[in-house]
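What follows is a set of notes on a single structure, which appears directly below.
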Amino acid sequence: MTSPLTTNQIAWRAAQDIEDGAYVNLGIGLPVRVAQFQPPGREAIFHSENGILGFGAAPAPGDEDWDLINASKKSVTLKPGTAFFDHADSFAMVRGGHLDVAILGAYQVAENGDLANWSTGPRGVPAVGGAMDLVHGARRVAVITDHLTRKGEPKLVHRCTFPLTGLGCINRVYTSHAVVDIEDGRFVLREKLADLSLEALQAITGARLHIPGPVGELTAPEV
Amino acid sequence: MTSPLTTNQIAWRAAQDIEDGAYVNLGIGLPVRVAQFQPPGREAIFHSENGILGFGAAPAPGDEDWDLINASKKSVTLKPGTAFFDHADSFAMVRGGHLDVAILGAYQVAENGDLANWSTGPRGVPAVGGAMDLVHGARRVAVITDHLTRKGEPKLVHRCTFPLTGLGCINRVYTSHAVVDIEDGRFVLREKLADLSLEALQAITGARLHIPGPVGELTAPEV
Amino acid sequence: MDKSLPDLAAAVAGIEDGMSVMIGGFGGSGAPIELIHALIGRFLATGHPRDLTVVNNNSGNGHVGLAAMIEHGMVAKLICSFPRSADPVVFTEQYLAGRIALELVPQGTLAERIRAGGAGIPAFYTPTSYGTDLAAGKPVAEFEGRHYVQERWLKADYALVKAETGDRLGNLTYRMAARNFGPLMCMAARKAIVQVARIVDPGGIDPEAVVTPGIFVQGVVEVADPAQEEALNRAGAAYPGAAA
Amino acid sequence: MDKSLPDLAAAVAGIEDGMSVMIGGFGGSGAPIELIHALIGRFLATGHPRDLTVVNNNSGNGHVGLAAMIEHGMVAKLICSFPRSADPVVFTEQYLAGRIALELVPQGTLAERIRAGGAGIPAFYTPTSYGTDLAAGKPVAEFEGRHYVQERWLKADYALVKAETGDRLGNLTYRMAARNFGPLMCMAARKAIVQVARIVDPGGIDPEAVVTPGIFVQGVVEVADPAQEEALNRAGAAYPGAAA
């Protein structure tokens with residue numbers, strides 16, 4: 001069988017849908033990798049909620065300036081056209097709907113568009129950061145994630161059981177096995193691994209996959 | 001009898017109460033004149049609600065830069081330490097209580113601290129500007145005004161009959177005849193013209209003047 | 001990405017009948033005279049756009065800029081704080097004749113409503129106007145013993161703004177007190193169109209000195225030597241007319 | 001007017017037991033390490049201030065700065081959005097042991113609540129957190145068919161902030177992404193105390209480039225070569241300790 005996409009390949013696949021000139025926020029962790037896979041000829045402008053717009057890639061080790069970090073607290077670089085601003089202006093960009101795309105990680109995504117990605121329950125130290133702002137902040141809010149948890153449980157579910165980050169906020173999910181849109185409270189399958197049967201995909205998905213149109217082949221180069 | 005103070009003298013008197021280093025907003029019209037009468041050795045920092053802090057005096061005629069105007073739309077000048085900012089930040093300074101003193105004009109001031117200074121009724125074109133913000137914006141909100149209207153009616157009244165600018169917002173009134181504080185819903189007389197009798201002053205004042213302590217002599221140099 | 005526009009006509013081409021348009025400026029400082037005149041030019045040539053709702057701190061002065069827009073009958077409603085000026089005759093006559101509607105908003109509330117529109121804050125509470133005629137019909141609430149009025153966000157289809165330097169990504173700086181409402185209106189409009197004294201390449205503005213980040217700007221057009229409303233009025237100009 | 005302070009001890013002298021203190025920084029960028037260490041120094045010498053409520057985006061990292069403040073037991077409650085870091089052991093242990101209270105606030109809501117505190121806006125509505133556990137007990141409202149949560153302003157007795165250049169009037173510039181919460185916290189605190197890499201005379205900062213106008217600042221203290229939390233942690237520093 002075709003191998004599931006690696007995390008880098010999921011990030012690559014998500015990057016292919018980002019238009020030239022889009023304003024994009026990439027969540028902490030896996031989503032940050034999306035930036036490195038922008039298609040040639042397209043240039044997105046990345047927003048980091050700590051107050052930078054239009055920054056560049058990571059510097060060489062040893063060249064870090066710790067006043068120039070992204071939301072993941074990793075060192076980044078300046079690019080021509082970078083702008084700095086305070087946190088209120090930064091979240092005005094988010095909450096005010098000025099971003100084109102936000103890409104987040106997930107514990108669970110439900111067919112009604114609910115997202116759970118900030119807490120797995122009452123144990124431990126809770127932390128939310130900007131996730132609850134970002135889910136309401138972009139014209140298109142996407143999730144990238146493995147299709148299953150490490151324990152083999154579906155991450156695409158009927159209803160989230162973990163604490164919610166936002167209600168009805170997710171438009172598209174890129175997983176290791178499929179690309180799924182959320183429309184009218186339903187999962188709509190858009191792409192799947194070539195030789196993964198619908199039945200097999202449905203079996204590892206926690207809610208019904210609808211197929212109103214053609215289903216493309218989910219592929220990604222070695223990255 | 002001692003002459004009532006001229007408008008310049010009222011402005012001079014109000015200026016004597018502004019502490020060194022105070023942040024001050026002066027309303028459109030008469031209050032703007034207060035700036036020229038700062039006592040030697042004291043320097044207030046003037047805020048103009050269109051987005052300047054710490055500006056200087058008017059330039060010589062012909063030297064105006066029409067991007068550098070105050071809230072009265074008069075040309076001003078830069079001073080070392082001037083700062084520019086947008087209208088949201090400017091009214092954050094006002095509404096957020098960061099000003100020490102605001103000095104406004106008045107149609108009427110009531111003994112309960114209500115101010116009417118933006119509209120004389122439903123006729124004509126209404127205009128409010130920043131007045132309703134400024135009355136809630138400073139630690140000390142003062143009024144400077146003639147004691148009587150041009151028709152000879154009291155401007156210090158029991159209750160305002162003109163549309164209100166703000167409720168219970170005025171702390172002190174400097175007039176041509178007296179300095180009056182507003183405390184606990186009462187006019188408290190602090191200073192009056194030397195040979196103006198209490199009875200005569202009360203007769204031209206629309207609510208009772210209380211005298212819990214010494215009453216000083218209201219004087220001002222020729223200015 | 002290049003947000004620069006070829007000329008003023010292109011800059012105002014998208015504004016349609018009935019739209020809401022925020023126009024920057026406090027009095028003449030920051031008034032985007034050339035953008036406004038381009039819009040009037042289009043109206044005189046085509047009859048459109050009209051029935052506009054305009055948001056501006058004032059109501060124009062003399063017979064240029066916003067005053068000329070009102071004089072030519074393009075504005076159905078004005079949302080402003082202070083519809084008076086040295087020469088307010090245009091607005092005053094139309095208002096008293098019932099030909100233009102007015103929503104009067106305290107200046108700080110106007111600024112905050114526009115910022116709220118740009119920041120995704122649908123409503124907020126302010127002490128300003130509590131107990132006055134301008135709070136009539138608005139919800140009130142008490143917090144820690146003090147009374148406040150609930151105000152709603154203000155958004156617009158377009159903003160027409162004057163700035164000083166703009167790069168091709170839309171990053172902006174302003175000139176002195178001409179900044180006033182510009183940064184807020186860029187945030188609150190679906191499309192913010194900005195005239196700048198010069199367009200530079202990305203990197204031409206210090207990242208620390210950017211006042212409006214480009215994400216809030218959809219178009220920049222260069223007007224190298226912009227007119228000042230105050231100077232036009234002192235010269236007795238009118239638009240269209242010989243002096244403007 | 002001269003808001004410059006002679007030294008770090010004087011800068012933090014007014015902070016008393018039980019006060020609320022906003023501390024700038026996002027992670028290590030913008031963290032006012034020297035001000036925090038001066039405050040810890042006072043606590044170690046005198047036992048005060050303690051029972052502080054601290055507002056910061058995070059909860060400290062390693063054993064310097066805010067983490068050291070928490071480690072020494074000065075903080076009764078933390079208001080933050082993301083109490084995790086590369087080395088979160090100090091906060092984690094105290095939190096799980098019930099020795100420190102936590103109010104978790106979404107990052108954008110935290111920023112807006114602080115701005116609201118500075119801007120005299122007692123409450124506002126945001127879509128953020130609607131329908132989640134973090135909205136529990138808060139009023140909600142519907143505007144144009146969408147649901148929002150009412151959030152309250154956040155103010156503090158003190159703010160401790162790191163900026164880049166400050167003049168004697170308190171005007172400030174920041175350095176790159178170290179700006180983050182600094183301008184907001186200066187607005188929202190009764191007294192904003194700022195460490196700057198250099199103090200200049202008024203006029204030494206371009207009026208267009210001022211990020212925080214001096215009206216929001218009560219004291220500036222020069223720390224010419226400030227430490228970076230990230231660099232301290234990579235060096236394994238602790239405060240007080242040999243490496244800090």
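Per chain, numbering begins at 1; letters A, B, ... match sequence-line order.
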Mind checking whether D:Phe216 and B:His98 have ring centres under 6.0 Å apart?
-> yes

From the list D:Arg168, D:Arg115, D:Met1, D:Lys155, the residue making the most non-hydrogen contacts under 4.5 Å with chain B is D:Met1

Taking the side chain as every heavy atom from C-beta outward, state whether D:Tyr130 and D:Lys138 have any atom pair closer than 4.5 Å.
-> no

Over all heavy atoms of both residues, which pair between B:Thr120 and B:Tyr107 is shortest? Give the atoms and the distance, please.
-> CG2-CE1, 3.6 Å

Look at D:Asp167 together with D:Lys3 and state whether they make a salt bridge at an N to O cut-off of under 4.0 Å.
-> no

Close side-chain approach of D:Ile15 and D:Leu39, heavy atoms under 4.5 Å | yes

Of all the heavy-atom pairs spanning B:Thr175 and B:Val173, show the shortest one and how long it is.
-> CG2-CG1, 3.6 Å

Checking heavy-atom separations under 4.5 Å from chain D, one finds in residues 34-55 of chain B B:Ile45, B:Leu53

Do you know which of D:Ala209, D:Pro202, D:Gly117 has the most heavy-atom pairs under 4.5 Å to chain B?
-> D:Pro202

Tell me, out of D:Gly203, D:Gly120, D:Pro207, who's got the most heavy-atom pairs with chain B below 4.5 Å.
-> D:Pro207

Heavy-atom pair count under 4.5 Å with chain D, highest-scoring of B:Phe84, B:Phe91, B:Phe85 = B:Phe84

Best-contacting candidate, D:Asn171, D:Ile215, D:Val210, against chain B by heavy atom pairs under 4.5 angstrom = D:Ile215

When D:Val161 is tested against each of D:Cys186, D:Pro32, D:Pro183 for side chain to side chain contact (heavy atoms under 4.5 Å, CB included), which residue passes?
-> D:Cys186

B:Arg186, B:Arg140, B:Arg190 screened by salt bridge (charged side-chain N to carboxylate O under 4.0 Å, His left out) with B:Asp181, the one that passes | B:Arg190

